[in-house]
Number of protein chains: 2
Amino acid sequence: MPSLAESISLISGDRPDHLTLQEQVYQRIRLDIMTGKFIPGKSVTIRGLAETLGTSPMPVREALRRLVAERALQLLPNRRVSVPAMTIEKYSELTAARVALEPLAAERALPHMDDAMVAKLTRLDAEVDEGIRLGDVELYLSKNLEFHFTMYRCGESQVIMPMIESLWLQMVPFLYLAMKRKGLGAIVDQHQEALSAIRNRDAAALAQSIRLDILDGVNRMPESEFVEES
Amino acid sequence: MPSLAESISLISGDRPDHLTLQEQVYQRIRLDIMTGKFIPGKSVTIRGLAETLGTSPMPVREALRRLVAERALQLLPNRRVSVPAMTIEKYSELTAARVALEPLAAERALPHMDDAMVAKLTRLDAEVDEGIRLGDVELYLSKNLEFHFTMYRCGESQVIMPMIESLWLQMVPFLYLAMKRKGLGAIVDQHQEALSAIRNRDAAALAQSIRLDILDGVNRMPESEFVEES
DNA sequence: CGCACCCCTTTGTGATCACATAATATAAAG
DNA sequence: CTTTATATTATGTGATCACAAAGGGGTGCG
């Protein structure tokens, strides 16, 4: 199991006891989506996936429907599903929504973060840097995801977290493919600033560092990566 | 078909051509949820709903799963689904998320609103006031929903709108029951302020009026309406 | 009177089948 | 060779069945 799979499993309810088949299928398909295994626009079929995964069409059906509801997949007018293509408009919307919600999640998490959590986040940030240094897209994306979600989860937000998860579910597949094609480049983040804001118990500074972290990473996306229309 | 039904159908894709059975079942169950037809915490069964709606369990199954993904229903550890009870923490989170997203949606919609839209919103606001004056919960909730969603939809936001829809889906059932029990009272809103901000093309003023509109309505909720824990 | 055990029912999950529709390949006509 | 018409296949949707697990109820024992 690749490293990205473990990190992605941080998203949304990982209840090991609750291992219904459709849940496993859901996790697997979601991982495949986030690591660019499906070509955007090309429709995925229930029976095809069922045969690949060695199950009946039933669990696949429910997993696909759930992923459509979470906006990781789109329902075409033909009733078929596919990975949606990324447009500039959608990307800017995703960014705007992230800027609106993630600083909020970080602020709500701050009171619940102790020294051990700061240490854990510091370690994760080091691994993010390692990924950047090596140009390892999987490592970078997985550890960056872990950094953000580990932080936000401290807030125990039952409403805001699922929304952030949905946003990443829509954003990551595109980032994965774009970075795989263009390389990581000289990515900068605001993790250090966020960490020192946490240590100082400075909610405003933390929120601001998260805002900048999102916008920093985003503005480096060349236009050539997007498709034309919705 | 009651008035609330038509307004609620403003939420999420209403494609009349696309009338698969599970879609109709979904719309119907969603309406029942928002009008308090299910007791929070009491589990709803697939077969029970199927019998009530006169279909096989299949479409109900998919509709329920979709509503769970949209957070209108919750999945209990027993694999059963129920309308989640409202807690103070959840309500404050819903409010925070609304304050974060809805002003954003309004700002994005502003450039696309013409005089006809202002006239339509003015008419809807009058109907909202009528609902308040009559103490008609259904009328108030449906027209208030229409007012907000008609405005936000002008922005053609494909990412932010579904998130706002999910928030209302979680909020409205609770409001419905609380207002039915306690009455509308002297509800105040910021619709007039929003309308004049639109006429002046003042994005900041519009965003602020939406913020206040959300917080105004929210702070009037007595604590006695909530349940104890999550 | 309270509590544990057992039986019957209900329920969610997964598999299989049937059908209508959309997609694709094939063939015929220009 | 292109294009249109046709036939064949593939696909989503809905229904039904099988099964294991959870719920509920009643009885017997402590």
Side-chain angles (χ1 to χ4, degrees), chain A residues 12-30 32-33 37-85, chain B residues 12-30 32-33 37-85:
Chain A
S12 175
D14 246 28
R15 292 171 293 194
D17 53 328
H18 227 246
L19 33 76
T20 137
L21 232 187
Q22 59 185 271
E23 186 77 20
Q24 303 173 41
V25 169
Y26 163 80
Q27 305 260 355
R28 167 63 187 276
I29 298 178
R30 189 179 61 179
D32 284 349
I33 293 172
K37 296 293 190 302
F38 304 112
I39 300 169
K42 183 149 176 55
S43 56
V44 300
T45 66
I46 296 176
R47 287 178 176 87
L49 278 175
E51 192 171 3
T52 302
L53 302 180
T55 71
S56 90
M58 210 62 221
V60 177
R61 217 159 122 176
E62 316 236 18
L64 288 185
R65 200 158 291 279
R66 178 173 169 191
L67 288 162
V68 167
E70 292 169 347
R71 309 279 158 179
L73 294 172
Q74 67 181 345
L75 193 58
L76 302 175
N78 338 346
R79 317 250 166 106
R80 306 173 104 138
V81 297
S82 73
V83 175
Chain B
S12 174
D14 248 28
R15 293 169 293 195
D17 54 327
H18 227 246
L19 33 77
T20 137
L21 233 187
Q22 60 184 272
E23 187 77 19
Q24 303 173 41
V25 169
Y26 164 80
Q27 305 260 353
R28 167 64 187 277
I29 298 178
R30 189 180 60 179
D32 284 349
I33 293 172
K37 296 294 190 304
F38 304 112
I39 300 169
K42 183 151 177 55
S43 55
V44 300
T45 66
I46 296 177
R47 287 177 175 89
L49 278 175
E51 193 170 2
T52 302
L53 302 179
T55 71
S56 88
M58 208 64 222
V60 177
R61 217 159 121 176
E62 317 236 17
L64 288 185
R65 201 158 291 279
R66 178 173 168 191
L67 288 162
V68 167
E70 291 170 347
R71 309 279 156 179
L73 294 173
Q74 66 181 346
L75 192 60
L76 302 175
N78 338 344
R79 317 249 167 106
R80 307 174 106 144
V81 297
S82 72
V83 175

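Chain A is the first sequence line, chain B the second, and so forth, proteins listed ahead of strands; every chain is numbered from 1. These numbers come from a predicted model, not from an experiment.
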With a 4.5 Å heavy-atom cut-off, do [X] and [Y] have their side chains touching?
| X | Y | answer |
| --- | --- | --- |
| A:M58 | B:R61 | yes |
| A:R30 | A:Q27 | yes |
| A:R66 | A:Q22 | no |

Note to self: With a sphere of 6.0 Å drawn around CD of B:Q24, does it hold more than 12 non-hydrogen atoms of other residues, nucleotides or ligands?
What the structure shows: yes
From [atom1] of [X] over to [atom2] of [N], roughly how many Å is that when rounded to an integer?
| X | N | atom1 | atom2 | result |
| --- | --- | --- | --- | --- |
| A:L19 | C:dG14 | CG | C1' | 15 Å |
| A:Y26 | C:dG14 | OH | P | 15 Å |
| A:E51 | C:dT16 | CD | P | 13 Å |
| A:E23 | C:dT13 | CD | P | 10 Å |
| B:R66 | D:dG12 | CZ | C1' | 16 Å |
| A:I46 | D:dG14 | CD1 | P | 11 Å |

Any side-chain N or O of [X] under 4.0 Å from OP1/OP2 of [N]?
| X | N | value |
| --- | --- | --- |
| A:R65 | D:dT13 | yes |
| A:T20 | C:dG14 | yes |
| B:N78 | C:dG12 | no |

Go through [options] for me and flag the one nearest to the [X] side chain.
| X | options | value |
| --- | --- | --- |
| B:R47 | D:dA18, C:dG14, D:dT13 | D:dA18 |
| B:P59 | D:dA15, D:dT16, C:dA15 | D:dA15 |
| A:Q22 | C:dT16, D:dT13, C:dT13 | C:dT13 |

Check: Can B:L49 and B:D32 be said to form a side-chain contact (heavy atoms from CB on, under 4.5 Å), step by step?
Finding: CA-CA 11 Å; B:L49 278 175; B:D32 284 349; 5.7 Å; no
Next item on the list: Specify the residue among B:M58 and B:G48 whose closest nucleotide of DNA chain C lies further upstream toward the 5′ end.
Entry: B:G48
Can you give me the N/O atom pairs linking the protein to nucleotides 4-10 of chain C at distances under 3.5 Å, or say none if there are none?
none

Margin query: Is it the case that D:dG14 (base atoms only) and B:R61 (side chain only) share a donor and an acceptor within less than 3.5 Å, ignoring hydrogens and angles?
Written below: no
Next item on the list: With heavy atoms under 4.0 Å as the rule, sort B:V25 into base, sugar-phosphate or nothing.
Entry: nothing
